[in-house]
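Throughout, protein chains are lettered first and strands after them, A, B, ... in sequence-line order, and every chain is numbered starting at 1. Just the heavy atoms: all of them, side chains too, but no hydrogens, waters or symmetry mates, feed the values below.
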There are 4 protein chains.
Amino acid sequence: MPDEDQRPPERARRLPRAVRERQILDAAVQVFSQHGYHSASMDEISEVAGVSKPMIYTYLGSKEDLFGKSIQREATRLLEAIQAGVQPDLPPDMQLWHGLRSFYRFVAEYRESWTVLHRQALTVGGGFAAEITAMRTRAIELVAALVVAAGTRKGLGEQTEFSGPGLAAALVGAAESLADWALDHPEISDGVLASWLMNLVWLGFNDLVEGQVWKPSEG
Amino acid sequence: MPDEDQRPPERARRLPRAVRERQILDAAVQVFSQHGYHSASMDEISEVAGVSKPMIYTYLGSKEDLFGKSIQREATRLLEAIQAGVQPDLPPDMQLWHGLRSFYRFVAEYRESWTVLHRQALTVGGGFAAEITAMRTRAIELVAALVVAAGTRKGLGEQTEFSGPGLAAALVGAAESLADWALDHPEISDGVLASWLMNLVWLGFNDLVEGQVWKPSEG
Amino acid sequence: MPDEDQRPPERARRLPRAVRERQILDAAVQVFSQHGYHSASMDEISEVAGVSKPMIYTYLGSKEDLFGKSIQREATRLLEAIQAGVQPDLPPDMQLWHGLRSFYRFVAEYRESWTVLHRQALTVGGGFAAEITAMRTRAIELVAALVVAAGTRKGLGEQTEFSGPGLAAALVGAAESLADWALDHPEISDGVLASWLMNLVWLGFNDLVEGQVWKPSEG
Amino acid sequence: MPDEDQRPPERARRLPRAVRERQILDAAVQVFSQHGYHSASMDEISEVAGVSKPMIYTYLGSKEDLFGKSIQREATRLLEAIQAGVQPDLPPDMQLWHGLRSFYRFVAEYRESWTVLHRQALTVGGGFAAEITAMRTRAIELVAALVVAAGTRKGLGEQTEFSGPGLAAALVGAAESLADWALDHPEISDGVLASWLMNLVWLGFNDLVEGQVWKPSEG
DNA sequence: AATGAATGAGAGTTCATTCAT
DNA sequence: GATGAATGAACTCTCATTCAT
């Protein structure tokens, strides 16, 4: 009877701290994304992580801390994934297109990451909602800057400066909503998703800055 | 039996059930919208409603029941508000425009209703998310039908049948996101909000069905 | 089978809040005095009180709150017991004597109260130690004032002003220590205990102010 | 085996067991005296000692063991300090005076030792309270023996045999309480402290055995 | 000899929910 | 019809203690 599968029933072997922390964060993201912050229990997270509860507290702090660190890690992942897909020397529409493709690729590959960031992060009352909101606000401002810049180039500065932020919020919402929709339609590739949004949004905006304006034909 | 001063000592007067139920639902919507489902406590709801806790259970059932009924009432309100603003014999773009104006008017007037529907309803793990999602899905399908119908009229049936649902999801997301943004910018009127969205989205879509297509200029 | 002892096994019948609060405080004093603050568990207190834990939290707050309120009630009892025994129009020594008798009577009758006040109240790190210490300090200052006053009357003002506070601390400690000793000797009456202390302390002090001073007879 | 630089990388050098034990006990006394038994954590003790937790368990056993050994060491120190100051061939009052001076000198120099012995040792429910109490009882008996002996020499045997133990308890309490008071008044020398107590207590007792008795002047 | 890694057990606290009046 | 009184059950978090290296 050599060293077969006779080891103790897979009970937590000694692993370096970094490895454990990753395991715990993985489990946390999974459980938080499934149940949301409040319904997730530290018991379940510890079970999924294959680790006892005290380890979580020792390594990553309170439930709130754990949630914050989960959010932070996934947000970083998402941003890095998008940045990795964007080449800064391309024209704006190409940058946006590449960014969107990377975004939808990420969402497809890391559903749980996206779920935690998009849906669960808002349910906590504390500073996390603020943090996430701040991140989203930054994204919106980025898009708004694009909008205003483009509008200015077309000589429509004043108008787009006024409507820019609102439009940017709408665009970001459209991208997010499409991402959610795509979760239920995995057969649609990230290229197609990005194209849809570009057609909808870029052409639409394009026309807008060309001077075309939709007006209600009656009261 | 005249209206003497013979009433019980001014506390908890006998009120018809319907009135009590409305009081309770009002309180529930308020508290749920402020704190979210999980952080809302039955104690606070009963306090805000001016009614003892057992009454809530007698009249409206468990916390989950109460939340469901709150959601349902607000959703009905929202739908009725939108339908009241739309005249079915107008062309599609006008219908959408009027619908959007009604929507933004409602959001401005009943912040709490919108908050509960949009933000808090997703945080519950049980059947409510499903219920809300279903309602949203219905909205998306409605928009999708518009998209497909318009596309078909332009002879682009196959293409829009394929992309229609996704686009519709994006549009709905854009409208919602702009609604959230508008909560922080009450100086923007519902007409302006709706116009922005129409310009962005309808013109964009218009071009799309006119045959204009954005294509990536390189890999 | 009439209404014998057939009632449900003595399970918490509805009682007015005030009664329950007293029950809980009684139990708290008992358990705190037995095990000390840290080792006392809310579970045991609730068991002894014949009440579920949530009631304690509803009526009296956290463990620390409960401890504080226990201390406060017992301290008040002790002070009232002492004040009730003292007649303010008697000469100082008689006042002290009556006060001591009341004190020892109280300790004998309410062992647990005394234990909580004397031994357990110091073990908590928070504000309770301060509160108790303050109370003790007030007692010491009172005695010190007596000492200084008596000394001044004898023309020894400067000397007793210097040594008064320390002497007072010693006297209070003597009284407390004798109280503890008396707990193991219930056959000694409060009158005897008070007399011992008076003889030891009053006469001693008396001689001191008469000018007699003990001096070391060599290095 | 010269003293090369071949030692393990400068952490936790091999030290003889006795040294390690002293380090740990020093840390334990310090932490116990600061936080009390319950609030002291093995983590903090190990940190202060500069030693890992398993070492503590290996060398000194459980937390209770550690506390017991801390108490024991400090008690021994105190007793030795007092005995060192007392010359057994002196008359009783001189013995007491020297003993008190040594006692107050010790308290001033080893505050933590005294704190652990006097305040923290009582807060534990187990056998330590007993151990400490026994030690204190021994001290009281010693003093009682002095009292009785002196009383007997004056021909008041019966009376002092009856009141001796109680008086001794009071004396010890006075000495302790004055020690606590002195912690906040370091400018008072041990000689002055001891003198105060001698004047208060010895003269008082002296008069007592001379036949003077304080009596209540009325009911 | 020495320790980082790991946990069992139990504490305080809160909340949705229900009785008895 | 209406409620103050009461609780079961669950959750987060901590700590003394030990294993495997």
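Under the 4.5 Å side-chain criterion, counting only non-hydrogen atoms from C-beta, E64(D) is in contact with Y37(D). You'll find the side chain of F32(D) reaches within 4.5 Å of the side chain of K63(D), heavy atoms only. Residues M55(D) and L60(D) have side chains not in contact (no heavy-atom distance under 4.5 Å, counting atoms from C-beta outward).
To the nearest angstrom, P of dA16(F) lies 9 Å from CZ of F32(D). Regarding I56(A), its CD1 atom lies at a distance of 14 Å from the P atom of dC11(F), rounded to whole Å. A straight line from CG of L60(C) to P of dA6(F) spans 13 Å, rounded to a whole angstrom. Atom P of nucleotide dA16(F) and atom CZ of F67(D) are separated by 13 Å, given to the nearest angstrom. Rounded to an integer number of Å, the gap from E64(B) CD to dC15(E) P is 17 Å. Between E47(C) atom CD and dT7(F) atom C1' there is a gap of 15 Å when expressed in whole angstrom units. We find that NE2 of H38(A) is positioned 19 Å from P of dA10(F), with the value rounded to whole Å. Counting to the nearest Å, the C1' atom of dT21(E) and the CG atom of L15(C) are 13 Å from each other.
For the pair Y59(B) and Y59(C), nearest-nucleotide mapping onto DNA chain F gives the more 5' position to Y59(B). Between D43(A) and D43(D), the residue whose closest nucleotide on DNA chain F is further toward the 5' end is D43(A). Taking for each of G50(D) and K53(D) the nucleotide of DNA chain E with the nearest heavy atom, the 5'-most of the two is the partner of G50(D).
Residues that satisfy the salt bridge (charged side-chain N to carboxylate O under 4.0 Å, His left out) test with D65(B), not counting sequence neighbours, are absent from this structure. Residues satisfying the side chain to side chain donor-acceptor pair (under 3.5 Å) test with R22(A), not counting sequence neighbours, are none. Under the side chain to side chain donor-acceptor pair (under 3.5 Å) criterion, Q72(A) pairs with E131(A), sequence neighbours left out.
Using a 4.0 Å heavy-atom criterion, one finds that T58(B) contacts no nucleic acid atom at all. Heavy atoms of R17(C) sit under 4.0 angstrom from primed sugar atoms or phosphate atoms, though from no base atom.
Between R20(C) and dA6(F), a side-chain N or O to OP1/OP2 separation shorter than 4.0 Å is present. The side chain of Y57(C) contributes an N or O atom lying less than 4.0 Å from OP1 or OP2 of dT13(E).
The side chain of P54(B) lies closest to dT3(F), out of dA6(F), dT3(E), dT3(F). Here the nucleotide nearest the side chain of M42(C), chosen from dA16(F), dT13(E), dT3(F), is dT13(E). Relative to the side chain of K63(D), the nucleotides dT13(E), dA16(F), dA16(E) differ in distance, and dA16(F) lies closest. The listed nucleotides are dA6(E), dA6(F), dT3(E); the one nearest the side chain of M55(C) is dA6(F).
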Could you list the donor-acceptor pairs under 3.5 angstrom formed between side-chain atoms of residues 23-31 of chain C and any protein atom two or more places apart in sequence or on another chain?
| unit_1 | atom_1 | unit_2 | atom_2 | d |
| --- | --- | --- | --- | --- |
| Q23(C) | OE1 | R20(C) | NH1 | 2.8 |
| D26(C) | OD1 | R73(C) | NH1 | 3.2 |
| D26(C) | OD1 | R73(C) | NH2 | 2.7 |

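The list of salt bridge (Lys or Arg N to Asp or Glu O under 4.0 Å) pairs with a residue in residues 27-46 of chain B, not counting sequence neighbours, reads D43(B)-K53(B).
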(request) Taking Watson-Crick and G-U wobble pairs with both distances under 3.5 Å, convert DNA chain F into its dot-bracket string, 5' to 3', dots for unpaired and | for cross-strand pairs. (result) .||||||||||||||||||||
